[in-house]
Amino acid sequence: MKTGKITKFVGLTAAAALALSACSDSGDSGDSEDSGDGDGGTVTLGILPSWTDGLSMAHLWKVILEDEGYTVEIEEMSEAGPLYTAVAEGDYDVYPSAWPQVTHADYMEEYGDDLEDLGAYYEGAVLTMAVPEYTEVDSIAELNDNADLFDGQITGIEPGAGLTGVIDDSAIPEYNLGDNYEHVTSSTTAMLTELEEATENEEDILVALWRPFWANAEYPVKDLEDPKGAMGEPETLNAIANAEFSSEFPDVAEWMGNLTLDDEQYGELEDLVVNQHEDDPAAGAEEFVENNQDLIDSVTE
């Protein structure tokens, strides 16, 4: 396993403590107001580092905003629930790569009045269940007849992840998988370790995955067809902020709403941040900005 690609993360209790620590150590980030000319304020970005779309976007925004004169802090959590809580309560300013329509829909409903959607930067994100390319199963509908291939196990990620909820609450009941499968959750890191070991040995494995995510290109995997649509429709990736953010940082809010990435641009960003500069993600984001200066200029004009 290329462990450098995934940041190790703490448990849920520690994550909750991190939110409180961030609040007490750095103060309410909303106290720093955007002066409109890019010379004032600290913007705190909260991410789930194992979801490398958020990792990549946070470092991209750090480069962009610090070039404009802002101070940017990136705070990491291991679970989506505490992260949404921190943004809703103003301890963090922005979750720069949220999945609001399907994956994190429950959190958006719970905290919606305290959140602001700054806009989508990517179209067509999807949740998936995946197997190696060599596995002779192509659809979730075929899983019950092939449970022995996977030892009756769906290898999942964090228990509190939106993807975990979609599998437990939608895919398993919709396809009647409960009698034949156990959904084993732990962490994204652990899932990727098992996926790498299985594919290196050409063994069958059934995992929870999503797109966009670098692992889809790194490992020989294929998405299972979902004829019942249990994994949800494609969604957008959005910057979700505290409800007061755009009034305190109007320029930054506008810039975040201006940015859109296509598949090629997103793929370049994630590859640079996660793979090419795995020990220094900021360097990957800086290289992306250098390679795409016209795009960045169009965002901040």
Side-chain angles (χ1 to χ4, degrees), residues 12 48 50-54 78-81 83-84 97-112 117 120 122-192 194-195 198-199 203-213 215-216 219-238 240:
L12 179 59
L48 307 172
S50 59
W51 286 59
T52 49
D53 54 287
S78 63
E79 296 279 355
L83 175 53
Y84 272 89
S97 189
W99 299 56
Q101 291 134 345
V102 179
T103 310
H104 297 152
D106 289 345
Y107 298 123
M108 293 297 296
E109 182 176 357
E110 181 176 359
Y111 296 111
D117 187 347
Y122 180 86
E123 302 278 346
V126 291
L127 303 178
T128 68
M129 295 172 69
V131 299
E133 292 175 347
Y134 49 76
T135 297
E136 295 183 359
V137 172
D138 297 310
S139 172
I140 300 176
E142 300 172 20
L143 289 178
N144 277 325
D145 292 334
N146 293 278
D148 289 345
L149 282 179
F150 311 107
D151 295 325
Q153 178 172 310
I154 303 167
T155 302
I157 57 171
E158 292 75 18
L163 173 56
T164 300
V166 169
I167 291 174
D168 286 342
D169 301 332
S170 182
I172 288 177
E174 189 68 27
Y175 288 97
N176 298 312
L177 302 177
D179 291 338
N180 295 312
Y181 284 88
E182 178 185 6
H183 184 193
V184 179
T185 59
S186 56
S187 69
T188 301
T189 304
M191 179 275 290
L192 291 172
E194 294 193 37
L195 176 61
T199 53
E203 298 171 347
D204 297 305
I205 187 171
L206 172 62
V207 298
L209 272 181
W210 62 93
R211 294 179 183 272
F213 186 35
N216 293 285
Y219 304 112
V221 293
K222 62 182 177 181
D223 297 343
L224 291 181
E225 296 172 5
D226 178 19
K228 296 186 177 183
M231 298 299 293
E233 296 297 320
E235 58 185 313
T236 59
L237 301 185
N238 296 41
I240 299 295

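Both backbone and side-chain heavy atoms feed into the values below; hydrogens, waters and symmetry mates do not. Not measured: the values here are computed from a predicted model.
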Taking the side chain as every heavy atom from C-beta outward, state whether Leu127 and Ile167 have any atom pair closer than 4.5 Å. no
Please give me the minimum heavy-atom distance between Ala161 and Ile157, naming the atom from each residue. CB-CD1, 3.7 Å
Would you say that more than 12 heavy atoms from the other residues, nucleotides or ligands in this model lie under 6.0 Å from the CD of Glu133, or not? yes
Provide the closest heavy-atom pair for Val221 versus Ala215 in the form atom of the first, atom of the second, distance. CG2-O, 4.3 Å
Can you tell me how far OH of Tyr219 sits from CG of Leu195, rounded to the nearest 0.5 angstrom? 6.5 Å
Would you mind reporting whether Leu206 and Val137 have side-chain heavy atoms less than 4.5 Å apart? no
Would you say the side chain of Val207 lies within less than 4.5 Å of the side chain of Glu194, judging by non-hydrogen atoms? no
Gln101 side chain to Thr236 side chain, donor-acceptor N/O pair below 3.5 angstrom: yes
Would you check if Tyr181 and Asn144 make a side-chain contact, meaning some heavy-atom pair closer than 4.5 Å? yes
Once rounded to the nearest 0.5 Å, what's the spacing between atom OG1 of Thr135 and atom CD of Glu203? 10.5 Å
Could you walk me through whether Val184 and Thr155 pass the side-chain contact (heavy atoms from CB on, under 4.5 Å) test, one step at a time? CA-CA 5 Å; Val184 179; Thr155 302; 5.9 Å; no
So ring pair (Phe, Tyr, Trp, His ring centres under 6.0 Å) across residues 122-170, not counting sequence neighbours, yields Tyr122-Tyr266
In terms of heavy-atom contacts, Gly156 and His183 come closest through CA-NE2, 3.6 Å
Any donor and acceptor pair, going by atom type alone, linking the side chain of Glu158 with main-chain N or O of Ser78 inside 3.5 Å? no
Distance (rounded to the nearest 0.5 Å) between Met129 CE and Asp223 CG: 11.0 Å
Can you tell me if Asp226 uses its side chain to pair, donor with acceptor, with the backbone of Met231 under 3.5 Å? yes
Which of these passes side-chain contact (heavy atoms from CB on, under 4.5 Å) with Leu149: Ile205, Val131, Leu143, Asp204? Asp204
With salt bridge (Lys or Arg N to Asp or Glu O under 4.0 Å) as the rule and sequence neighbours excluded, what pairs involving residues 134-143 come up? Asp138-Lys222
Nearest atoms (heavy-atom pairs only) where Tyr175 meets Lys228: OH-N, 2.8 Å
Is there a side-chain contact between Ile240 and His104 (heavy atoms, below 4.5 Å)? no
I need the minimum non-hydrogen distance between Ala171 and Ala230, along with the two atoms involved. CA-CB, 3.7 Å
Could you walk me through whether Trp210 and Thr188 pass the side-chain contact (heavy atoms from CB on, under 4.5 Å) check? CA-CA 11 Å; Trp210 62 93; Thr188 301; 3.8 Å; yes
Kindly indicate, with the supporting measurements, whether the criterion side-chain contact (heavy atoms from CB on, under 4.5 Å) is fulfilled by Met191 and Thr185. CA-CA 8 Å; Met191 179 275 290; Thr185 59; over 6 Å; no
Please name the pair of heavy atoms, one in Leu163 and one in Ala208, separated by the smallest distance, quoted to 0.1 Å. CD2-CB, 3.7 Å
With rounding to the nearest 0.5 angstrom, report the CG to CG distance, Leu177 to Asp168. 11.0 Å
Does Tyr107 reach the main-chain N or O of Gly162 with its side chain, forming a donor-acceptor pair under 3.5 Å? no
Would you compute the distance between atom CH2 of Trp51 and atom OG1 of Thr103 and round it to the nearest 0.5 angstrom? 5.5 Å
Got Arg211 and Pro234 here, is their nearest side-chain heavy-atom distance under 4.5 Å? no
Do Thr52 and Phe213 have side chains that get closer than 4.5 Å, going by heavy atoms? yes
Would a distance-only check, ignoring hydrogens and angles, find a side-chain to backbone donor-acceptor pair under 3.5 Å from Ser139 to Ala141? yes
